[in-house]
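Comments concern the structure below.
It should be emphasised that the depicted structure is a prediction, and the values quoted were computed from it without experimental measurement.
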Amino acid sequence: MDQSDHRARKELPGMAVQPVAFAAGRWLLLLLPCAPYSARDPAQVHSLGVSLQRQRGVHAIGADRRGDFDTYPGVLAQTPAGVDVFSESAHGGEYLVLRWSGEETMAARRLEVAGHAAALAVARKLRSLLLAPQADALALEQGALDLLALRPGQAPARAPAGCPCMARVLERIAGEFAQPLSLEQLAAAEGMPVLRLLRDFKRATGMTPHAHIVETRVQAARVLLRQSGAPLANIALACGFAHQSHLGSALRAAVGLTPGQYRHLHGVGAA
């Protein structure tokens, strides 16, 4: 079936850059971009969200009172119908959302689980499917079901990790991703053994430090590919990749597209 029957840029109020959407029956998948936003989530449907990037801002969940939030990658958030969510961020962060209507038994409040490796893996696969030149409706529906199967139960969920040292590690990666970074450097800066850094980082984000560094470099490359026609070799080096083919393989693994295909998707020609 032609992708226009399922997938489109969906207009959502409060978002300057519109998400990619896929709808099938009672399911709606949204890939929210890394862009500033101020939006209110509809309370009439259930939703599951997975953070693909770190995101900070203010939100209000089921109330008018707003508070600061700092969401790491790999947080799985479940919000039942009837719980209104307002969220605002000056920078945003890529986020995968599944919305659906139904009579499923769910907790009456929002639940969050940090460092959910399985949910992060499904969200990354769905990201690739949503960005593919041709939509695979069956694969997208299966991915939605795979994500739904991971939703938290009625028991209290593990709250997102808030370890200050992991926040510092994330900030260092965000600021120095284009430079060579080793586990030894990251661990030494926090005064901890490498194995403990690996354990704590994966518990907080659902991925290893190396995987997060590669993801951060890919996200930076995506911005440059969308915004300029600079040579791919220059973009690769600017984002910390060893060479152009390294960028290409990392981008294909992350979003299922070559740099050229990604540029074409956004209407950008090479220099």
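For the pair Q219/V223, no side-chain contact is recorded, criterion being any heavy-atom separation below 4.5 Å from C-beta on. Residues L28 and W100 form no side-chain contact, since every pair of their non-hydrogen atoms from C-beta on lies 4.5 Å or further apart. For the pair P209/L198, a side-chain contact is recorded, criterion being any heavy-atom separation below 4.5 Å from C-beta on. When side chains are defined from C-beta on, M207 counts as touching L120, because their heavy atoms get closer than 4.5 Å. Side-chain atoms of L76 and R151, non-hydrogen and from C-beta on, never get closer than 4.5 Å to each other. Side-chain contact between V75 and V50 is absent, with no heavy-atom pair separated by less than 4.5 Å. Contact check for L31 versus L52: side-chain heavy atoms found under the 4.5 Å cut-off. Annotation: side chain of L232 is in contact with side chain of L225 (closest heavy-atom distance under 4.5 Å).
F177 contributes atom CZ, which lies 5.5 Å from atom SG of C239 (distance to the nearest 0.5 angstrom). Atom CG of residue L29 and atom CG of residue L147 lie 7.5 Å apart, to the nearest 0.5 angstrom. Atom CG of residue L224 and atom CZ of residue R226 lie 9.5 Å apart, to the nearest 0.5 angstrom. Note that NE2 of H212 is 11.0 Å distant from CZ of R217, once rounded to the nearest 0.5 Å. In this structure, NE2 on H264 lies 10.5 Å from OG1 on T258, to the nearest 0.5 angstrom. Here the CG atom belonging to L140 is positioned 11.0 Å from the CG atom belonging to L98, to the nearest 0.5 angstrom.
Among all heavy-atom pairs drawn from A254 and S128, the shortest one is O-OG, 3.1 Å. Annotation for G206 and A117: closest pair O-CB, 3.5 Å, computed over non-hydrogen atoms. Looking at every heavy atom in both residues, A230 comes nearest to R263 through O-NH2, 2.5 Å. Across every non-hydrogen atom of F201 and V169, the tightest pair is CE1-CG1, 3.7 Å. Summarising the geometry of L257 relative to L131, their closest heavy-atom pair is CD1-O, 3.5 Å, with the distance given to 0.1 Å. When all heavy atoms of V113 and P152 are compared, the closest pair comes out as CG2-CG, 4.0 Å.
Connection of L183 to L195 is established within a shared hydrophobic cluster, with ILVMFWY side chains joined at heavy-atom distances below 4.5 Å, either directly or through further cluster members. Hydrophobic clustering (ILVMFWY, side-chain heavy atoms < 4.5 Å, transitive): L237 and L251 are in distinct clusters. L150 and L148 fall within a single hydrophobic cluster, where Ile, Leu, Val, Met, Phe, Trp and Tyr are joined by side-chain heavy atoms under 4.5 Å apart, directly or via other members.
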Check the pair S87 / F69 against side-chain contact (heavy atoms from CB on, under 4.5 Å), numbers first and verdict last. CA-CA 9 Å; S87 184; F69 74 87; 3.7 Å; yes
Would you check, one step at a time, whether the test side-chain contact (heavy atoms from CB on, under 4.5 Å) holds for H46 with R26? CA-CA 11 Å; H46 305 306; R26 63 193 185 108; over 6 Å; no
Audit row: D70, R54, side-chain contact (heavy atoms from CB on, under 4.5 Å) steps and yes/no: CA-CA 7 Å; D70 184 355; R54 188 183 185 188; 2.6 Å; yes
Pair Q53, Y72 - check side-chain hydrogen bond (donor to acceptor under 3.5 Å, both in side chains), show working. CA-CA 7 Å; Q53 287 180 284; Y72 291 0; over 6 Å; no
Please test M166 against L197 for side-chain contact (heavy atoms from CB on, under 4.5 Å), starting from the C-alpha separation and ending with a verdict. CA-CA 8 Å; M166 288 302 103; L197 172 70; 3.7 Å; yes
Please determine whether side-chain hydrogen bond (donor to acceptor under 3.5 Å, both in side chains) holds for the pair R110 and T79, giving the CA-CA distance in whole Å, both sets of side-chain angles, and the decisive distance to 0.1 Å. CA-CA 5 Å; R110 182 179 171 95; T79 308; 2.7 Å; yes
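Using a 4.0 Å cut-off between charged side-chain N and carboxylate O, E190 and R196 make no salt bridge. D68 has no carboxylate O lying under 4.0 Å from a charged side-chain N of R56, or vice versa, which leaves the two without a salt bridge. Salt bridge annotation for K125-D146: absent, with no cationic side-chain nitrogen under 4.0 angstrom from a carboxylate oxygen. Taking the charged nitrogens against the carboxylate oxygens, R127 and E215 do have a contact shorter than 4.0 Å, which makes a salt bridge.
In this structure, F86 has its ring center no closer than 6.0 Å to that of H59.
With 3.5 Å as the limit, one finds no donor-acceptor pair spanning the side chains of H91 and S89.
For H210, the NE2 atom counts as loosely surrounded, since its 6.0 Å shell holds 12 or fewer non-hydrogen atoms of other residues, nucleotides or ligands.
Judged purely by atom type and a 3.5 angstrom limit, Q185 uses its side chain to pair as donor or acceptor with the backbone of S182.
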